[in-house]
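Scroll down for the structure; my scribbles are underneath it.
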Amino acid sequence: MKKAVLAAVTAAAVAAAALIPSGPAVQAAETATHSAPRGFGSALSSVEQPSWQTNASVNALAVAGDLVFAGGLFTRVRPPGKARGVGDVARKYFVVLNRTTGVPTRFAPSVNGPVWSVAASPDGRRVVIGGDFTVVDGVPRSRVAMFDVATGKLVAGWDPVVNYRVAALKVTASTVYLGGSFGAVDKVGRARLAAVALSTGALLPWNPGADDDVHAIEVSTDGTRVFVGGGFTTIGGRDQHALAMLNARTGAVLSMPAAAAIPPKSEECDSRVKDLEVQGNKVFASNAGTNSMECYDGVLAADSGTGKLLWQSKCLGATEAIVAIGNWLYKGSHAHDCSADGEFPDKTGMHHLLVYSTITGKLGPWFPNTDAGGTTLVGPLAFASGGNDLWAGGDFTAVNGKPQEGLTRFNGVPGGAAPARPAAPKLASARPNKVTIAFSTVLDRDNLTLTYLVYRGTTRIGSWSRTSNSWTKPAVTSVTDSGLTSGQTLSYHVEVSDGRNVSKSAAATVRVR
């Protein structure tokens, strides 16, 4: 599934994966604040880091130790910044990259069909892929296969036979949970959900059954509950739409009150859970709605023990991927209208990458962006993290306005994005011995609140803290520089700081009255 799997990878695995104011008095129209500047506000910088890219969609990602596993519809991969066909190498439907460098490794299995899900075992020794394929490395493997990470080879004898697509995977210390569109495993009826033994691949009795596709599977931190997301309206013989909590041993349906926050399926709205994330005592679910522009596309947080709703975001614009890092929940979507949450209204452009507080569900300060260059019109489709980074896959062709297809990554390296360059201040001297300076707010992809410093020549005359975002008009602050000498010509400029980076405006001059 489109998840992060945090695991320690063995030394052998790493070895096998070789890397292919002072001055006159200042009077402000608003009260100046003098708080210390801040760095970027979320866990990650919004500046993309170099990674190889693909020639088609990345649908699934997982991380284990220093390796990143990506599956999808692509057939070739190439270096960052290169056009299709330049410096590329074959990697059909599945590629393994070095997490530090973003470069493909020698772990390069041959897969004969699309990969829709990837997951690693908790110890990082095994990685499982699911999809539409029937042959891996020349050996029959029906829609699911397991690799030994240290050797890059198929695990011999682990060969469940699934009769249709495997779109969701979750691996625990003993079990591999499967979800998708299938109806049988090893010729035994299993309606879109099944479990097999991690050690042998043998089919297990766990058999809740769902009446429509399963897109995501997660397991509670204590391993006793399985969370399932998809388009189903019944599961385990009970009426339950899109989101369910199951007993990990028996498959029995458990109470999940938060599921009631997802509108029931109708001709006007079919909202499906596309991704799940568990962090501590919380489970997060993301939805994509169809049939109507007003269908629920949001994200919710629930207590992973009781299933009670904790918070819900109702942004419109299908949410395909989520991952939690620290106190932040990152999401991949084509959000275009978050007015229901008191955030940006419609017609402000597509926001394909956003972050929420895991505690409050409020939008946070992280605004990188991709395009939606592929057929889904979403852009990001899959996330994974090793705890201090974010890998994003999808069918985008650009990241932060630069060409980058299918795959990108972000991390917390100090620096982040610099504030946009401010315009030169507007100056006037309508009263004797005084100059009025007006400056506008700018945007920063890592911060909402920035510090604005106004200089006369090299003398700083004041600093102001201002908050801005991309969906409101720039705010204008007017300040007055007093005690000046009549007749002299003075130069002023503005500097904007996020605590790490400073952007400087051009200078403007004025003759003091």
Side-chain angles (χ1 to χ4, degrees), residues 1-17 60-71 94 96-99 105 107 115 117-130 144-155 157-158 160 166 168-179 193-204 206 216-229 245-249 251 275-284 304-305 321-326 382-391:
M1 62 191 294
K2 296 170 276 188
K3 304 304 299 169
V5 182
L6 311 184
V9 71
T10 62
V14 175
L61 288 164
V63 170
D66 198 39
L67 298 178
V68 177
F69 306 92
F94 186 54
V96 183
L97 305 104
N98 181 280
R99 184 175 152 221
T105 71
F107 186 165
V115 172
S117 51
V118 185
S121 61
D123 62 7
R125 294 177 180 272
R126 298 285 189 265
V127 63
V128 182
I129 62 173
V144 66
M146 178 185 287
F147 297 96
D148 181 292
V149 173
T151 65
K153 303 296 184 182
L154 277 174
V155 174
W158 198 94
V166 174
L169 289 165
K170 178 65 181 181
V171 183
T172 71
S174 62
T175 304
V176 179
Y177 293 96
L178 315 175
L193 283 165
V196 299
L198 174 66
S199 57
T200 65
L203 183 64
L204 300 176
W206 193 79
I217 302 176
E218 262 295 343
V219 175
S220 62
T221 304
D222 64 7
T224 63
R225 298 173 301 285
V226 176
F227 301 97
V228 177
M245 179 165 61
L246 310 175
N247 183 291
R249 183 176 59 85
D275 205 2
L276 293 166
E277 173 81 332
V278 168
Q279 184 191 56
N281 62 354
K282 294 186 178 75
V283 57
F284 305 94
S304 62
I322 51 174
V323 69
I325 304 173
F383 279 175
S385 174
N388 61 358
D389 56 1
L390 170 64
W391 288 78

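In this text the structure is predicted, and so the values were computed from the model without any measurement.
Residues forming a side-chain contact (heavy atoms from CB on, under 4.5 Å) with Leu198 (at least two apart in sequence, or on another chain): Met146, Val171, Val176. For Ala202, the side-chain contact (heavy atoms from CB on, under 4.5 Å) partners are Thr200, not counting sequence neighbours. Judged as a ring-ring contact (aromatic ring centres under 6.0 Å, His included), and not counting sequence neighbours, the contacts of Phe94 are Phe147. Listed by chain and residue number, Val278 satisfy the side-chain contact (heavy atoms from CB on, under 4.5 Å) test with Thr221 (two or more places apart in sequence, or in another chain). Under the ring-ring contact (aromatic ring centres under 6.0 Å, His included) criterion, Trp206 pairs with Tyr177, not counting sequence neighbours. Applying the side-chain contact (heavy atoms from CB on, under 4.5 Å) rule to Leu203 yields the partners Val185, Asp186, Val188, Arg190, Ala194, Val196; only residues at least two apart in sequence or on another chain are considered.
Here the shortest heavy-atom pairing between Gly124 and Ala64 reads CA-CB, 4.3 Å. Of all heavy-atom pairs spanning Gly201 and Pro160, the tightest one is O-CG, 3.4 Å. For the pair Ser304 and Gly280, the tightest heavy-atom approach, listed with the atom from each and the gap, is OG-O, 3.7 Å. Closest non-hydrogen pair, Ala173 versus Pro122, comes out as N-CG, 3.8 Å.
Residues Leu193 and Leu178 are not in side-chain contact: their nearest non-hydrogen atoms beyond the backbone lie 4.5 Å or more apart.
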*Test side-chain contact (heavy atoms from CB on, under 4.5 Å) applied to Asn98 and Asp66, step by step*: CA-CA 6 Å; Asn98 181 280; Asp66 198 39; 2.9 Å; yes
*asked:* For Asp148 and Arg126: C-alpha separation, side-chain torsions, deciding distance, then whether side-chain contact (heavy atoms from CB on, under 4.5 Å) applies.
replied: CA-CA 5 Å; Asp148 181 292; Arg126 298 285 189 265; 2.9 Å; yes
*Where do Trp391 and Arg99 land on the side-chain contact (heavy atoms from CB on, under 4.5 Å) test, with the steps shown first?*
CA-CA 9 Å; Trp391 288 78; Arg99 184 175 152 221; 3.8 Å; yes
*Phe69 vs Ile129, side-chain contact (heavy atoms from CB on, under 4.5 Å): CA-CA, chis, key distance, verdict*: CA-CA 9 Å; Phe69 306 92; Ile129 62 173; over 6 Å; no
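Atom CZ of Phe227 sits about 9.5 Å away from atom CG of Leu246, to the nearest 0.5 Å. Atom OG of residue Ser220 and atom NZ of residue Lys282 lie 15.0 Å apart, to the nearest 0.5 angstrom. In this structure, Thr175 OG1 and Arg249 CZ are separated by 12.0 Å, a value rounded to the nearest 0.5 Å.
The only option from Val323, Ile325, Leu61 that meets the side-chain contact (heavy atoms from CB on, under 4.5 Å) definition with Phe383 turns out to be Val323.
At least one donor-acceptor pair under 3.5 Å links the side chain of Glu277 to the backbone N or O of Ala324.
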